[in-house]
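The structure under discussion appears below in the form of C-alpha cells.
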Amino acid sequence: MLRVIGAFMVAGGAAALGFGAAFRLGKRVDILSGLINAVDVICSELAFSLMGLPELFAVLEKQSPAPINRLFALCLGQLSQLGERSFSDIWKQAVWECLGGELTREQYAAVVELGLILGRYDARGQLEALGQARKRLERLYNGALHERAERGRLYGVLGASAGAAVAIILL
C-alpha cells in the first residue's frame with residue numbers, strides 16, 4: 001500500500017512540475033502583453049497630456065494587471081529617491097523585484113531598457129524611443145506566444161508521462 005501511495009505522489013509531483021513549467025510560459029505571455037499595454041498608455045499620455053511620471057505611474061498601477069501593477073507601484077514609491085539614485089536604477093531594481101524570475105534574459109533586458117527611455121528625452125524623443133521599445137516587446141511577445149503554443153503542452157505531457165513511468169517502475 002505504501003508503494004502505491006509513493007508511486008502516486010511521485011507521478012503527481014512530476015506532473016505538477018510539467019504543468020508548472022507550462023504555466024510559467026503562459027505567465028510570460030501575460031506579462032509581456034501587460035507591458036505592451038502599459039507602453040501604449042504611456043505613449044498616449046505623453047502625446048496628449050504630458051503627465052509627469054508620478055501621476056503616470058499612479059494611473060498605470062491602477063490600470064495594469066498583476067504583477068505589472070506592482071512594478072509601477074514600487075517605482076512610484078521609489079521616486080522620492082530620484083536625487084540620490086537615477087530613474088534607470090530605480091526601474092531596474094523594481095523590474096528585478098517584480099518580474100526578474102518570470103522573464104528570459106532577453107525579455108528582462110527589453111523591460112529594463114524602458115527605464116533608460118522614460119523621463120530622459122523630450123516628449124517627441126520619448127515617443128520615438130517608446131515606439132522602438134514597443135516593437136521589441138511585441139517581437140518578444142510573439143516569440144513567447146509561439147513558445148507557449150509549441151512547448152506548453154509538451155511540458156505538461158512530459159511531466160505526466162515521466163511521473164507515470166516512474167510510478168510504474170516503483171510498482
Side-chain angles (χ1 to χ4, degrees), residues 16 18-156:
F19 290 120
F23 176 77
R24 283 190 301 279
L25 291 176
K27 188 150 176 106
R28 282 183 189 156
V29 169
D30 295 341
I31 288 171
L32 291 170
S33 173
L35 286 169
I36 290 169
N37 290 336
V39 168
D40 289 341
V41 169
I42 292 169
C43 287
S44 66
E45 291 297 333
L46 282 175
F48 299 114
S49 70
L50 294 176
M51 188 180 288
L53 281 180
E55 296 87 12
L56 182 59
F57 283 179
V59 168
L60 289 168
E61 178 187 3
K62 291 176 186 165
Q63 289 183 357
S64 300
I68 308 297
N69 64 345
R70 209 170 65 239
L71 169 70
F72 291 112
L74 190 58
C75 281
L76 183 60
Q78 301 284 324
L79 284 179
S80 63
Q81 299 177 359
L82 269 178
E84 303 160 19
R85 298 171 56 201
S86 69
F87 177 74
S88 60
D89 288 341
I90 292 171
W91 178 263
K92 186 175 184 179
Q93 178 188 358
V95 170
W96 178 252
E97 287 181 23
C98 297
L99 308 175
E102 304 289 338
L103 302 174
T104 65
R105 284 184 183 159
E106 185 181 11
Q107 293 165 348
Y108 175 77
V111 177
V112 167
E113 188 178 287
L114 286 173
L116 299 173
I117 296 168
L118 293 173
R120 180 162 286 202
Y121 309 108
D122 64 346
R124 177 175 285 146
Q126 282 189 51
L127 287 172
E128 289 176 18
L130 285 169
Q132 293 300 316
R134 187 185 192 289
K135 286 179 186 177
R136 183 174 181 195
L137 287 172
E138 276 186 359
R139 184 179 51 79
L140 292 170
Y141 170 76
N142 290 331
L145 272 177
H146 178 73
E147 184 178 18
R148 182 183 69 179
E150 192 174 274
R151 294 185 183 169
R153 189 174 299 149
L154 174 70
Y155 288 162

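The analysis underlying the following values was restricted to heavy atoms, covering all of them including side chains, and did not include hydrogens, waters or symmetry mates.
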[atom1]/[X] to [atom2]/[Y] distance, rounded to the nearest 0.5 angstrom?
| X | Y | atom1 | atom2 | result |
| --- | --- | --- | --- | --- |
| Q132 | E113 | CD | CD | 9.5 Å |
| E84 | Q78 | CD | CD | 10.0 Å |
| L32 | R139 | CG | CZ | 11.0 Å |
| L99 | K27 | CG | NZ | 9.0 Å |
| C75 | R70 | SG | CZ | 12.0 Å |
| L103 | C98 | CG | SG | 11.0 Å |

Quick one: does any side-chain atom of [X] pair with a main-chain N or O of [Y] as donor and acceptor, under 3.5 Å?
| X | Y | result |
| --- | --- | --- |
| S33 | V29 | no |
| W91 | V111 | yes |
| R28 | E102 | yes |
| S64 | E61 | no |

Scan for ring pair (Phe, Tyr, Trp, His ring centres under 6.0 Å) pairs involving residues 25-69, sequence neighbours excluded, and state none if there are none.
F57-F72, F57-F87
Contacts of S88 that satisfy side chain to side chain donor-acceptor pair (under 3.5 Å) - sequence neighbours left out:
S86
